[in-house]
Amino acid sequence: MISLIASGVGLVGSLLGGLGARKKAKKANSMLDDRQRSLDDWYRKEMNTDFLDTDVAKSTLSFIGNKNKKAENAMRNSAIKRSTTAEERVAMASALNQNYADSVSRLAGMGTSRKNQLQGTYMNESNKLANMKYQNQINSASTTGELGEMVGNVVNQISMLDGHGVFKKRDKSNNEEA
């Protein structure tokens, strides 16, 4: 009889534990879903931002522009001192403009590299979240399996006790004689 009570208590404990585990898994999945939505929003925002519109690119373009203006002023002063021809001044200005165009081109290439990095980061983080959700499902299935096993054990205990006649009604007259 004690084993039946112990099995019943174990079953109730397992049921409560299983329900608690499922509730926690559901909450964890909800938190992971929120994190995935936040990650998706971040990714969409970043991928739709032109790299040349970022603070880094704007700062770099401003720096290059200022450097180019200083070089152009220095070139003009030098040209005046050396009495260069108009063709020579045009050639020097063209070289400065080419330098600026090359710098902007490199910045655009950095934008492509940045987008590739964003995609990699997004995929890595999404995979981590998917793995966590998968692990939650495995844990939940494991808890359900353990609960089923406990129920099976209790049924086996009851059957065994019944086989030993624990649940048979006793005759009062037999008890009084003993």
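Position 1 is the first residue of the sequence; numbering continues from there. From a predicted model like this one, the values you see are computed outputs, not experimental measurements.
Asp102 and Gln98 share a donor-acceptor pair across their side chains, judged by distance under 3.5 Å alone. Side-chain contact check for Arg89 and Thr85: no donor-acceptor pair (N or O, by modelled atom type) lies under 3.5 Å.
The structure places NZ of Lys67 at 15.0 Å from CD of Glu72, a figure rounded to the nearest 0.5 Å. Note that CG of Leu107 and CD1 of Ile64 are 5.0 Å apart. Values are rounded to the nearest 0.5 Å. Of the inter-residue distances, the one linking Ser83 atom OG with Glu88 atom CD reads 10.0 Å to the nearest 0.5 angstrom.
Across every non-hydrogen atom of Thr49 and Arg114, the tightest pair is O-NH1, 4.0 Å. Closest approach of Ser126 and Gln36 over heavy atoms only: OG-NE2, 3.2 Å. Leu39 and Glu125 make their closest contact through CD2-CB, 3.4 Å (heavy atoms, listed as atom of the first residue, atom of the second, distance). Across all their heavy atoms, Tyr100 and Asn68 have their closest contact at CB-ND2, 3.6 Å.
The side-chain contact (heavy atoms from CB on, under 4.5 Å) with Lys115 is formed by just one residue from the set Met110, Glu46, Met47; it is Met47. For the side-chain contact (heavy atoms from CB on, under 4.5 Å) with Leu32, the lone residue among Met132, Lys128, Arg37 that qualifies is Met132.
Proximity of a side-chain donor or acceptor of Ser94 to a complementary backbone N or O of Val90 within less than 3.5 Å is not detected. A donor-acceptor contact shorter than 3.5 Å links the side chain of Ser103 to the backbone of Asn99. Proximity of a side-chain donor or acceptor of Thr54 to a complementary backbone N or O of Phe51 within less than 3.5 Å is detected. With hydrogens and angles ignored, the 3.5 Å screen pairs no side-chain donor or acceptor of Ser30 with any backbone N or O of Lys26.
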TODO: Decide yes or no on side-chain contact (heavy atoms from CB on, under 4.5 Å) for Tyr43 and Asn48, but give the supporting numbers first.
DONE: CA-CA 8 Å; Tyr43 179 71; Asn48 290 323; over 6 Å; no
TODO: Dump the intermediate steps for salt bridge (charged side-chain N to carboxylate O under 4.0 Å, His left out) on Lys58 and Asp55, then the final yes or no.
DONE: CA-CA 5 Å; Lys58 287 177 183 178; Asp55 290 339; 5.1 Å; no
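Connection of Leu96 to Phe63 is not established within any shared hydrophobic cluster, with ILVMFWY side chains joined at heavy-atom distances below 4.5 Å, either directly or through further cluster members.
The closest side-chain heavy-atom distance from Tyr122 to Asp40 is below 4.5 Å.
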